[in-house]
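Before any comments, here is the structure.
As the structure lists them, so they are numbered: ligands from 1, and atoms in each ligand from 1.
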Amino acid sequence: MRRWLSRCEQDTVAVGREIGAAAAPSGVVLLAGDLGTGKTVLVRGVAEALGIDPAEIQSPSFTLMRSHRGKGGSLLHVDLYRLEPDDVPELGLEEALHGGGVTVVEWGQKLPFAVPGAIRLWLRRGRGEREREIREVGTL
Ligand SMILES: Nc1ncnc2c1ncn2[C@@H]1O[C@H](COP(=O)(O)OP(=O)(O)OP(=O)(O)O)[C@@H](O)[C@H]1O
Ligand SMILES: [Mg+2]
């Protein structure tokens with residue numbers, strides 16, 4: 001299991017690039033960690049790995065899902081922060097995960113179904129203001 005120590009936003013973007021390359025062309029990445037730990041920042045790196053402009057990646061909390069297309073593949077970016085687990089079936093999320101591109105889910109621990117083969121990452125703050133620990137885990 002991989003583990004990274006990030007000292008700045010760009011370090012976390014670089015982890016996202018590595019994860020994006022590993023997940024391409026159609027893998028699922030589940031992210032967990034408190035507010036502000038850098039999940040959305042990490043998704044910008046995944047986008048870069050797929051040839052998508054990272055500036056397109058915004059927190060999708062109100063839309064729940066956004067899709068992006070790049071030269072190297074497509075990305076479905078999902079954020080389940082505001083979601084109750086009972087709502088998930090209505091979103092068609094299980095089908096969406098098999099839509100062909102890379103899928104990254106923030107607050108992925110809220111998914112009420114298993115995703116075999118997903119990359120699971122847990123982010124947490126470190127000692128310094130900008131320090132983050134990113135750990136690959138078996139279960140979120
Ligand atoms: N090492 C770091 N890695 C990532 N972000 C960092 C780091 N240091 C400071 N930051 C800042 O922390 C914030 C992370 O915000 P981000 O939106 O990515 O968090 P999030 O985990 O997606 O939160 P939410 O649960 O609200 O979606 C940004 O303001 C970013 O600039
Ligand atoms: Mg976020």
Side-chain angles (χ1 to χ4, degrees):
M1 291 285 176
R2 291 166 281 190
R3 178 179 173 271
W4 300 264
L5 187 65
S6 166
R7 298 190 181 282
C8 62
E9 193 172 319
Q10 274 311 311
D11 284 353
T12 299
V13 172
V15 172
R17 278 198 298 269
E18 184 179 336
I19 291 298
S26 60
V28 176
V29 182
L30 305 179
L31 303 178
D34 286 346
L35 292 167
T37 48
K39 300 179 293 298
T40 301
V41 168
L42 191 148
V43 178
R44 295 196 177 110
V46 175
E48 285 184 10
L50 298 170
I52 296 161
D53 179 358
E56 285 186 21
I57 305 302
Q58 304 293 335
S59 197
S61 286
F62 295 99
T63 49
L64 296 168
M65 292 194 225
R66 287 186 183 197
S67 61
H68 307 270
R69 205 172 294 272
K71 292 188 278 294
S74 62
L75 170 65
L76 180 68
H77 179 197
V78 182
D79 189 324
L80 300 181
Y81 178 61
R82 289 168 197 282
L83 206 74
E84 300 300 328
D86 289 351
D87 299 339
V88 172
E90 291 163 38
L91 284 171
L93 198 52
E94 203 160 4
E95 294 72 28
L97 294 194
H98 303 292
V102 171
T103 304
V104 185
V105 185
E106 297 189 40
W107 300 90
Q109 71 272 28
K110 289 190 167 202
L111 276 184
F113 50 83
V115 187
I119 297 172
R120 295 173 173 78
L121 301 178
W122 185 64
L123 292 80
R124 72 168 178 184
R125 288 172 193 279
R127 292 214 186 107
E129 173 71 22
R130 300 195 301 159
E131 206 171 279
R132 303 288 189 272
E133 183 195 358
I134 302 167
R135 196 184 275 271
E136 187 176 15
V137 293
T139 318
L140 286 176

Measuring from atom CG of Leu121 to atom CZ of Arg3, what distance do you get when rounded to the nearest 0.5 angstrom? 13.0 Å

Taking atom OG1 of Thr40 and atom CD of Gln58, what is their separation to the nearest 0.5 Å? 9.0 Å

Can you tell me if an N/O/S atom from Ser59 lies under 2.8 Å from the Mg ion (ligand 2)? no

Among Arg66, Glu106, His68, which residue meets the side chain to side chain donor-acceptor pair (under 3.5 Å) test with His77? Glu106

Residues in salt bridge (Lys or Arg N to Asp or Glu O under 4.0 Å) contact with Arg130, at least two apart in sequence or another chain: none

Residue Thr40 vicinity, atoms of ligand 1 by number, heavy atom under 4.0 Å: 17 (O), 18 (O), 20 (P), 22 (O), 27 (O)

Nearest heavy atom to atom 3 (N) of ligand 1, choosing from Leu5, Val13, Thr12, belongs to Thr12

For Trp107, the atoms of ligand 1 under 4.0 Å from one of its heavy atoms are 25 (O)

Does Leu111 reach the side chain of Leu140, with side-chain heavy atoms less than 4.5 Å apart? no

Polar contacts were defined as any N/O atom of the residue lying under 3.5 Å from an N/O atom of the ligand; does this apply to Glu129 and ligand 1? no

For the Mg ion (ligand 2), decide whether Glu106 has an N, O or S atom at a distance under 2.8 Å. yes

Atom CD of Glu133 and atom CZ of Arg127: how far apart are they, to the nearest 0.5 Å? 11.0 Å

Of Val28, Ile19, Leu75, which is the lone residue that meets side-chain contact (heavy atoms from CB on, under 4.5 Å) with Val104? Leu75

Which of these passes side-chain contact (heavy atoms from CB on, under 4.5 Å) with Lys39: Leu123, Asp79, Ile134? Leu123

Should the proximity of Val41 to ligand 1, defined as any heavy atom under 4.0 Å, be assigned to the side chain, the backbone, both, or neither? both

What I want to know is whether Glu131 and ligand 1 share at least one N or O pair that is separated by under 3.5 angstrom. no

Compute the minimum heavy-atom distance from Asp11 to ligand 1 and say whether it is under 4.0 Å. no

Quick one: which of Gly38, Cys8, Ser59 has a heavy atom closest to atom 2 (C) of ligand 1? Cys8

Minimum distance, heavy atoms only, to atom 6 (C) of ligand 1: which one of Arg130, Arg132, Lys39 is it? Arg132

